[in-house]
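Below is one structure, written out as structure tokens; the observations come after it.
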2 protein chains.
Amino acid sequence: MNADRQGRATIKDVAREAGVSAMTVSNVVNNKTQFVGAAARARVEAAIERLGYRRQASARNLRGAGPRSIGMVIVDESPAFLANFFTAQLVAGLANVLNRADWTLTLSGLPPDGLAASALMRTYDVGGLCAMVSGAPEARREVLRRLCGLGQPVVLFQEVVETEGLDLCLVRQDDEGGGRRVGEHLARLGARSVLAMLPRQSWPAIENRLAGLAAGLGGAPRAAISVDHDDFSAVQEALGAWIAAHGLPDAVWGANDQIASAALLHLLDRGVAVPGRVRVVGFNDFPAHRHARPRLTTLASPAYELGERAGEAMLRRLEGGRFETQDLCLPVAFLPGETG
Amino acid sequence: MNADRQGRATIKDVAREAGVSAMTVSNVVNNKTQFVGAAARARVEAAIERLGYRRQASARNLRGAGPRSIGMVIVDESPAFLANFFTAQLVAGLANVLNRADWTLTLSGLPPDGLAASALMRTYDVGGLCAMVSGAPEARREVLRRLCGLGQPVVLFQEVVETEGLDLCLVRQDDEGGGRRVGEHLARLGARSVLAMLPRQSWPAIENRLAGLAAGLGGAPRAAISVDHDDFSAVQEALGAWIAAHGLPDAVWGANDQIASAALLHLLDRGVAVPGRVRVVGFNDFPAHRHARPRLTTLASPAYELGERAGEAMLRRLEGGRFETQDLCLPVAFLPGETG
DNA sequence: CTGAAAGCGCTTACAG
DNA sequence: CTGAAAGCGCTTACAG
């Protein structure tokens, strides 16, 4: 590692090589063209090329305006914290916006109880934090409390909390509007008895979708049951049990595509005509499901755009000293398929 | 941002608050217990808690052994560079290993021609680089050349290249062995005419799978055709055209599950019995496909473990000055389903 | 337009 | 076991 250190050219090496001062090199590297003559500039650029000079971020950050990296924390029970397509898209959008602005993304996944002892809490190495938090409501609130206690700007995805007085911005999709769209669609088609299937874990996004559904239907759905949405067979058993007790509904709405797909296949296995006898609609389109037969009617999530907008909001916050808006909500698009 | 700076406690603040020198604070923070008395330690820890002190990574890295972050570069045509489940799992495994060791992951996605101008090339802010590169062979080679030219340790995923004399470690799964497993399985079941369906883009992993398949079958498959693996209908049309010209094969092997799923659904749509008349086998299990009916016979990729192993190899390289091994290859597991 | 000095917040190397 | 000094590689603030 001494080898690494010794091999690395510094700003002084470049200055010597180009026959200018270190300041001039710095000005060239930072594109402060007004301070550097064309000739000096050319010589510096040649020297940089020759020596393979790369500016050391640590040194720049120390003297300059702080770290040029944004942290993205995904709080998840599972170590496979990017397995969810929604999260993966969101992270990609965020990373791309930051990279384009010459910022960096520092990514980490943590279990709900791992935040307190994490390096994130003990070290200052990012200029701001974005967070996507799952888990029980109290655990989520605790995570948010800790993050906001850091005294750094925070962007929180897919939550609705009080932002008054906090250096906090909410970035989310219009789950309520999406739910309403589903409700209106089903109502228009004459569906009267609608079964809503929700993940067991309560979650603002899900609650908003359900509230929207009720608004669109013009009243609460016939029933709303909770299922283990990660367990394909459990979803199917729950649906089977409900049908055994109450008969076939006119429509099943899955609060996400995993649930809706499982429900769909259960109905098809029973020989139920979809959408003839029962309509099935999902939420948050995943490409893998789009390919299944029949194609699920669902809503397209702007996950990638959520990441982009979060990045932009954070960069402007860092520049301007405050979030311009503290609640950013993007629309979800209705995606007609063959099941609803 | 002055507000941020002013509000942040430094090591000196903690030292003053605890009535010790800055050195002692540093020793406590770094767990150099042999240099600090219990009493001093307790006072420092209380002061840290009271002031909400967090060590500034930039300052530490500047004087210390360099940046404590590893870069992960995903070179991809698409901005949605985490859309592939394989990649997402791999990144999660890598991030978790690094975080556990108090290292950080710096993530970026770039188009093949974007690397040259990227901040990555102009800035030194990570101690080593991991890379997952897609695209045409020449473009991939160029990316690798640039990365290795940085004078930093590089871990390359899913490639087989010469490592002699390079500060480079290959981390991959045993695609050849997986292919052989499929071939042996199909041969044992008596399949004689096997159609292999490959992505259009050539790619070492795919070639290895195909070579393994041939070895397992005891000879080349009946035919190998290239398809746009991201285009569901294109895959189906290609299969339809092949069958129109050559009749039904005994088995179809898709070089990945996307292809195999599309092929499977095409066969079922035609009323072909699977696996009675035609067997279908995939590669690289994705959870979304696992839920389809009938369940695809495929191979489980150790993507998450690849990320973990890469992280471990990199950390040891940074510690020890060289990669202990330059070629790490993990097995893939056969995952029996209902289609083959 | 160019440069010499000071300093960012830590850790290294050394003295007590 | 504890601390004063020097320095990591940049940028800021200022003088010419």
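None of these values were measured; they are calculated from a predicted model. Order of the sequence lines fixes the chain letters, A, B, ..., with proteins taken first and strands second; residue numbering starts at 1 for each chain.
For the 3.5 Å distance criterion, the side chains of B:R41 and B:N27 fail to qualify, holding no donor opposite an acceptor. No hydrogens or angles considered: nothing links the side chains of B:R317 and B:Q326 as a donor-acceptor pair under 3.5 Å. Residues A:T106 and A:S69 bring a donor and an acceptor atom of their side chains to less than 3.5 Å of each other.
In this structure the side chain of A:S26 reaches within 4.5 angstrom of the side chain of A:I11, judged on heavy atoms. Between A:I48 and A:L51, the closest side-chain pair of non-hydrogen atoms is not below 4.5 Å. Residues A:V29 and B:R122 have side chains not in contact (no heavy-atom distance under 4.5 Å, counting atoms from C-beta outward). When side chains are defined from C-beta on, A:M72 counts as touching A:L94, because their heavy atoms get closer than 4.5 Å.
Rounded to an integer number of Å, the gap from CZ of B:R54 to P of C:dC10 is 12 Å. Taking atom CG of A:D125 as the reference point, atom C1' of C:dC10 lies 14 Å away to the nearest angstrom. Atom OH of A:Y124 and atom C1' of C:dC8 are 12 Å apart (whole Å). With rounding to whole Å, B:R41 atom CZ is found 11 Å from D:dT2 atom P. The distance between atom CZ of A:R68 and atom P of D:dG9, rounded to the nearest whole Å, is 21 Å. Nucleotide C:dT2 holds its P atom 19 Å from the CZ atom of A:R16, rounded to whole Å. Taking atom CG of B:L62 as the reference point, atom P of C:dC8 lies 13 Å away to the nearest angstrom.
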Could you walk me through whether A:R68 and A:T104 pass side chain to side chain contact (heavy atoms under 4.5 Å, CB included), step by step? CA-CA 6 Å; A:R68 289 178 65 90; A:T104 260; over 6 Å; no
Could you list the protein-to-nucleotides 11-13 of chain D atom pairs, N/O on both sides, closer than 3.5 Å?
| unit_1 | atom_1 | unit_2 | atom_2 | d |
| --- | --- | --- | --- | --- |
| D:dT11 | OP1 | A:N30 | ND2 | 3.2 |
| D:dT11 | OP1 | A:R55 | NH1 | 2.9 |
| D:dT11 | OP2 | A:S26 | OG | 2.4 |
| D:dT11 | O2 | A:R63 | NE | 3.3 |

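The side chain of A:T24 contributes an N or O atom lying less than 4.0 Å from OP1 or OP2 of C:dG3. Dashed line: the shortest gap from a side-chain N or O of A:Y53 to OP1 or OP2 of D:dC10 is under 4.0 Å.
With A:D13 contributing its side chain and A:T10 its backbone, the two residues share a donor-acceptor pair below 3.5 Å.
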Taking Watson-Crick and G-U wobble contacts under 3.5 angstrom, with | marking pairs to another strand and [ ] crossing pairs, the secondary structure of DNA chain D is written |||.||||||||.|||
